[in-house]
Amino acid sequence: MVDEDRYCIDILTQLQAARAALAKVETEMLRDHLGHCIEGAIVSGDAAEQRQKANELITLLERSTR
């Protein structure tokens, strides 16, 4: 769109739509991770795996706030 010299508002609208779509996918992936990986670690009773999964999630959330 930029190469085609499209109107700035049209480009910005497309960027917002792409960002919103990625945020939705991110939310679904997080929900799946919690429902599968985190829940699996809890059900397993393996404290080391539980800590690992929790730390991975914390690290991910820290990166998103930078």
Using distance only, find each side-chain donor-acceptor pair of residues 7-16 under 3.5 Å and give its atom names and separation, not counting sequence neighbours.
{"residue": "Thr13", "atom": "OG1", "partner": "Ile9", "partner atom": "O", "Å": "2.7"}

If you look only at pairs with a residue in residues 40-56, which of them pass as a side chain to side chain donor-acceptor pair (under 3.5 Å), with sequence neighbours excluded? Ser44-Glu49, Gln52-Glu56

Sequence neighbours excluded, the answer for salt bridge (Lys or Arg N to Asp or Glu O under 4.0 Å) partners of Glu62 is none

Quick one: which residue pairs count as a salt bridge (charged side-chain N to carboxylate O under 4.0 Å, His left out) with a foot in residues 15-28, not counting sequence neighbours? Glu28-Arg31

When Ile, Leu, Val, Met, Phe, Trp and Tyr are grouped by side-chain heavy atoms lying under 4.5 Å apart, directly or through other members, which residues fall in the same group as Leu30? Leu34, Ile38, Ile42, Leu57, Leu60, Leu61

For Val25, the rest of its hydrophobic cluster, which grows through side-chain links under 4.5 angstrom: Met29

Qualifying residues under side chain to side chain contact (heavy atoms under 4.5 Å, CB included), relative to Leu22, sequence neighbours excluded: none

Near Asp5 CG, under 6.0 Å, is it more than 12 heavy atoms from other residues, nucleotides or ligands? no

